[in-house]
Amino acid sequence: MTKKRARIIYERLTEMYPDARCTLDFRDPFELLVGGVLAAQCTDERVNKVLPALFERYPDAAAMAGAKPENLLPLIQSCGLFRNKAKALQGSSRVLTEVFDGQVPESMEALLSLPGIGRKIANLIRGDGFGIPGVVVDTHCARVAFRLGLTKRKDPPGIERDLEALLPDDAKIRFGHLMVAHGRKICKAQKPRCQDCSLADLCPKAGVVLD
DNA sequence: ATCCCGAGGG
DNA sequence: CCCTCTGGAT
């Protein structure tokens with residue numbers, strides 16, 4: 001019964017956002033790793049603007065691991081949190097070269113062993129980089145799922161399990177992107193636009209501002 | 001002024 | 001669990 005609800009939500013979101021996709025312009029696993037790191041607290045549009053020059057200079061993990069901060073920082077500065085991000089890029093690249101032969105691994109455990117890579121970016125790499133079915137749970141996805149009553153949890157791993165239990169494999173990757181698109185445009189954290197939401201009739205939180 | 005597609009650390 | 005890190009968009 002709840003699966004049917006999830007199915008309806010998936011279909012309506014697809015109508016609302018017919019071309020929802022990963023909004024990063026790159027799909028190679030290492031490029032997604034870099035893009036995912038840079039995307040924290042920053043729009044993908046800005047990340048997309050920065051990535052070409054970054055990859056031209058540091059095309060792979062070996063090059064990124066050896067980058068001098070004085071050269072790397074200016075390239076990513078406009079994305080904010082740049083010291084943390086430089087550390088994450090170099091730390092993960094170093095482990096990639098030293099432990100994984102320069103290749104981005106597919107397993108969740110291996111990805112989470114990379115410094116600066118957490119569950120959100122790991123799932124992004126697995127889904128859009130390797131095509132492994134899974135739901136990327138970021139802050140948008142978590143908020144929208146909670147409001148819709150698709151989960152009663154607040155912790156991302158729990159939300160991830162709840163959502164994946166509700167969806168067929170071929171819907172999981174796209175569902176994450178749909179939730180993000182919806183969270184950005186309509187189901188916003190502060191002022192959700194429930195009047196403009198075609199899910200309002202089946203949303204327990206419609207018209208309610210609080211979480 | 002205030003918020004934002006995360007992760008690590010206290 | 002709460003804090004911090006940062007520039008850019010609104």
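Reminder, nothing fancy here: chain letters follow the sequence lines and each chain counts from 1. Predicted, not measured: the structure shown is a model, and the values here were computed from it.
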Worksheet item: Is A/Ile121 touching bases, backbone alone, or none of the nucleic acid, heavy atoms closer than 4.0 Å?
Response: sugar-phosphate
Worksheet item: Taking A/Ser93 for the side chain and A/Gln90 for the main chain, is one N or O donor matched with an acceptor at less than 3.5 Å?
Response: no
Practice prompt. Determine: side-chain N/O of A/Thr139 to OP1/OP2 of B/dC5, distance under 4.0 Å, yes or no.
Written response: yes
Worksheet, complete the sentence: Against the side chain of A/Ser78, the closest entry in B/dG6, B/dC4, C/dG7 is C/dG7
Practice prompt. Measure from NZ or CZ of A/Lys154 to the centre of the six-membered ring of A/Phe146 and say whether it is under 6.0 Å with the direction within 45° of the ring axis.
Written response: yes
Item to complete: Look at the side chain of A/Lys120 and decide which nucleotide, out of C/dA9, B/dA7, C/dC5, has an atom nearest to it.
Response: B/dA7
Discussion item. Say we look at B/dG8 and C/dG8: how far apart would their C1' atoms be, to the nearest angstrom?
Written reply: 23 Å
Item to complete: For B/dC5 versus C/dC1, give the span between their C1' atoms, rounded off to a whole number of Å.
Response: 22 Å
Worksheet item: For A/Gln103, does the CD atom have more than 12 heavy-atom neighbours from other residues, nucleotides or ligands under 6.0 Å away?
Response: no
Discussion item. Taking only side-chain N and O atoms of A/Arg119, does any of them lie within less than 4.0 angstrom of OP1 or OP2 on B/dG6?
Written reply: no
Worksheet entry | Protein-nucleotide distance (A/Lys185, atom NZ; B/dC4, atom P), rounded to Å | 17 Å
Worksheet item: Expressed as a whole number of Å, how far does the P atom of B/dA7 sit from that of C/dA9?
Response: 23 Å
Discussion item. Starting the side chain at C-beta, find the nucleotide from C/dG7, C/dC5, B/dC4 nearest to A/Phe82.
Written reply: C/dG7
Worksheet item: Considering the options A/Leu38, A/Leu73, A/Leu89, which one meets the side chain to side chain contact (heavy atoms under 4.5 Å, CB included) requirement together with A/Phe82?
Response: A/Leu73
Worksheet, complete the sentence: Side-chain contact check for A/Asn84: nearest option of B/dC3, C/dC5, B/dC5 is C/dC5
